[in-house]
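Structure, as structure tokens:
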Amino acid sequence: MNNPPLSRITGKRRRPSEFLLYGLIYLLAACLAVLVLLLVGYILVRGLPAITVPFLTTAENPILETVGIFPSIVNTLYIVFFALIICVPLGVGGAVYLSEYAKNKKLVGAIQFASETLAGIPSILYGIFGYVFFCVLLNLHVSLIAGVLTLTIMVLPIMMRTTQEALRAVPKAYREGALGLGATKWYLIRTILIPSSLKGILTGVILSVGRMVSESAALLLVAGGSAMYMPRGSVWEQLSHSGSTLSVELYRYAMSRGDNGTAFGIASVLIVIVALLNLLTRFVAWRLNKK
Amino acid sequence: MNAIKLYTKELHLHYGEAHVLKGIDIEVPEHCVTALIGPSGCGKSTFLKTLNRMNDAVANVKITGEVMLDGEDIYAKNVDVTALRKKVGMVFQAPNPFPMSIYDNIAYGPRIHGEKKRIVLDEIVEQSLRDAAIWDEVKDRLKKPALGLSGGQQQRLCIARSLATKPELLLMDEPTSALDPISTSKIEELIDELRKSYSIVIVTHNMQQAARISDYTAFFLLGDLVELGTTGDIFSNPKDRRTEDYITGRFG
């Protein structure tokens with residue numbers, strides 16, 4: 001009898017279309033990686049020579065003509081820290097209200113539409129609003145605190161949106177299980193919904209930090225465009241004075257002085273700060289999850 | 001016959017336009033297993049959920065009639081839903097352990113109801129896990145995530161979690177439909193054990209299961225309670241033609 005030849009499953013064959021697609025995907029991934037590395041690498045190569053101990057630890061001195069960005073580093077951290085302290089509870093609270101308590105579907109829809117629109121408008125509009133409302137109307141003057149408040153309303157939609165998405169992703173079975181055991185709504189939110197959404201909330205924090213650190217136009221208007229003095233006095237005193245953040249300084253050095261060396265130095269510091277803040281956020285998340 | 005733990009009178013449930021439960025009168029005796037059978041969509045799961053007011057949160061639901069638990073109407077205005085759900089525990093179709101440790105899953109209910117003392121919680125956790133016949137499998141990993149357990153273990157964990165609030169009535173919504181035969185038989189043995197201390201109402205699609213584990217069986221069809229009787233009667237000597245047709249597999 002003549003049996004047909006057995007089909008073999010060994011000996012891996014490449015299917016041409018598969019091969020092509022893989023190639024394309026790897027190519028794109030490589031492009032992305034190269035782009036990021038080039039960008040970061042270029043900034044660091046141009047910027048690192050400008051970074052010295054006095055650069056990091058002193059203020060600019062126009063008489064001695066020395067450059068220092070310490071006040072701007074402090075201003076940046078202040079603004080990010082205080083804006084987060086206000087906008088994380090507000091954003092998470094707002095999202096919890098919208099997705100768990102609000103009964104009026106039309107109202108929820110309207111708020112969502114508004115917050116999506118707000119997330120998309122150019123930051124200079126927040127700057128003008130912040131200037132007129134916080135600096136002039138509330139008499140806060142051009143100050144870090146006005147910057148904090150302006151950035152808070154700017155990133156609030158991001159916080160709310162990401163938290164809402166995270167809450168929505170919590171399986172219905174968890175809710176049923178908890179309610180079935182007699183949990184009240186607030187108990188359910190506290191013990192199941194917020195802990196399960198922690199990752200999403202943290203994504204919101206990271207995105208918000210990125211947006212705040214990179215903001216220059218709005219802060220130029222509401223928080224001030226220079227930082228000539230070393231920080232002094234109480235935290236409140238510092239917040240009530242004007243001051244520039246690193247991004248604003250970067251703009252100032254690059255645009256009004258053409259001092260690209262310093263600008264790249266500031267950019268390098270910014271990259272490091274953003275990386276550190278992200279690591280810190282992840283660490284906080286890890287600690288909270290362990291508890 | 002044992003004392004009546006719960007009964008309903010003229011219980012209607014409307015969901016929007018749909019009339020889902022059409023005047024259910026049922027009696028659930030104490031320390032017995034009452035099985036609810038019937039084709040999909042006949043209202044048995046909905047009925048189960050009215051017994052611990054899990055339909056409260058659903059929009060557009062209107063419930064009329066009486067649900068009397070130990071002489072109290074659970075839909076009365078002054079009912080504390082938290083206390084009701086402590087007394088009437090629920091086990092769901094798919095195992096739904098919370099994303100936390102085995103210990104914290106079991107302690108979740110008691111903590112809702114204000115238990116904070118570590119020693120008391122330790123004791124409740126151990127006793128509940130023992131009662132749910134899963135203690136030996138998890139006693140060395142109480143701090144490990146509950147989601148790492150197998151499906152059958154997860155469901156027994158969920159039963160233990162319900163037991164931890166010391167309920168008197170246990171509602172089970174097809175608790176074995178997502179499980180393999182071995183896990184299913186473990187849960188059936190467990191139910192047999194639990195009837196000594198609890199009153200149980202169980203929804204099941206599995207006729208053999210109803211016959212094996214229940215004392216009373218209620219047959220639901222299109223929102224009506226067609227027949228309620230001892231499991232022996234329902235399966236060997238049904239009074240209603242529709243019950244007989246369903247049990248012998250002529251529809252459903």
Side-chain angles (χ1 to χ4, degrees), chain A residues 92 95-112 162-203 282 284-291, chain B residues 45 48-49 51-59 79-101 104-115 128 143 145-147 154-155 157-167 170-173 178:
Chain A
V92 172
V96 165
Y97 172 77
L98 282 183
S99 64
E100 305 301 322
Y101 286 97
K103 289 251 159 63
N104 188 337
K105 289 241 165 67
K106 271 188 192 150
L107 181 75
V108 173
I111 293 179
Q112 246 161 19
T162 43
T163 307
Q164 252 185 306
E165 290 302 323
L167 286 172
R168 199 169 298 161
V170 178
K172 196 174 152 230
Y174 292 170
R175 295 165 192 267
E176 281 187 335
L179 294 176
L181 288 167
T184 57
K185 204 169 213 174
W186 172 236
Y187 195 85
L188 165 73
I189 290 167
R190 204 156 52 84
T191 57
I192 308 263
L193 296 185
I194 300 272
S196 306
S197 322
L198 212 56
K199 260 206 178 125
I201 295 172
L202 247 47
T203 307
R282 275 161 208 271
V284 170
W286 177 73
R287 281 303 296 267
L288 285 175
N289 259 337
K290 258 183 74 177
K291 234 173 62 180
Chain B
S45 286
L48 198 72
K49 288 198 174 109
L51 302 186
N52 68 343
R53 294 187 54 168
M54 283 298 276
N55 288 323
D56 281 15
V58 184
V79 164
D80 177 3
V81 177
T82 291
L84 167 69
R85 290 178 184 160
K86 178 180 187 303
K87 192 169 174 177
V88 184
M90 188 158 210
V91 176
F92 297 85
Q93 190 168 359
N96 59 348
F98 302 136
M100 45 181 88
S101 71
D104 288 335
N105 261 280
I106 307 299
Y108 193 85
R111 280 177 177 147
I112 294 173
H113 304 290
E115 189 53 68
S128 308
K143 296 285 159 204
L147 292 168
Q154 287 188 7
Q155 193 62 306
L157 178 86
C158 291
I159 294 175
R161 189 174 67 189
S162 302
L163 299 183
T165 60
K166 304 201 164 65
L170 204 52
L171 310 175
M172 300 178 131
D173 189 1

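Treat the numbers as computed from the prediction; the structure is a model and nothing was measured. Per chain, numbering begins at 1; letters A, B, ... match sequence-line order.
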Any side-chain heavy-atom pair from B/Met100 and A/Ile192 closer than 4.5 angstrom?
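Contact flag for B/Met100/A/Ile192 side chains = yes.
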Part of [X] within contact of chain A (heavy atom distance under 4.5 Å):
| X | result |
| --- | --- |
| B/Pro97 | backbone |
| B/Arg53 | neither |
| B/Tyr108 | both |
| B/Val91 | neither |
| B/Lys49 | side chain |

Give the minimum heavy-atom separation between B/Arg111 and A/Tyr187, together with the two atoms involved.
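Shortest heavy-atom separation between B/Arg111 and A/Tyr187 comes out as CB-OH, 3.3 Å.
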So which residue, B/Asn96, B/Thr82, B/Ile112, ends up with the most heavy-atom pairs under 4.5 Å with chain A?
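So the answer, after comparing B/Asn96, B/Thr82, B/Ile112, is B/Ile112.
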Where along residues 101-108 of chain A does a heavy atom come under 4.5 Å of chain B, listed by residue number?
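Hits under 4.5 Å: none found.
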Is the number of heavy atoms from other residues, nucleotides or ligands within 6.0 Å of NZ (B/Lys166) greater than 12?
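Counting other residues, nucleotides and ligands, NZ of B/Lys166 stays at 12 neighbours or fewer.
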A/Arg168, CZ: over 12 other non-hydrogen atoms inside 6.0 angstrom
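Yes, CZ of A/Arg168 has more than 12 neighbouring heavy atoms, counting only those of other groups under 6.0 Å.
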Mind checking what makes side chain to side chain contact (heavy atoms under 4.5 Å, CB included) contact with B/Pro99, not counting sequence neighbours?
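Checked B/Pro99 against side chain to side chain contact (heavy atoms under 4.5 Å, CB included); matches are A/Tyr174, A/Ser196, B/Leu147.
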Top of A/Pro195, A/Pro171, A/Ala183 for chain B proximity - count of heavy-atom pairs under 4.5 angstrom:
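When all of A/Pro195, A/Pro171, A/Ala183 are compared, A/Ala183 has the most.
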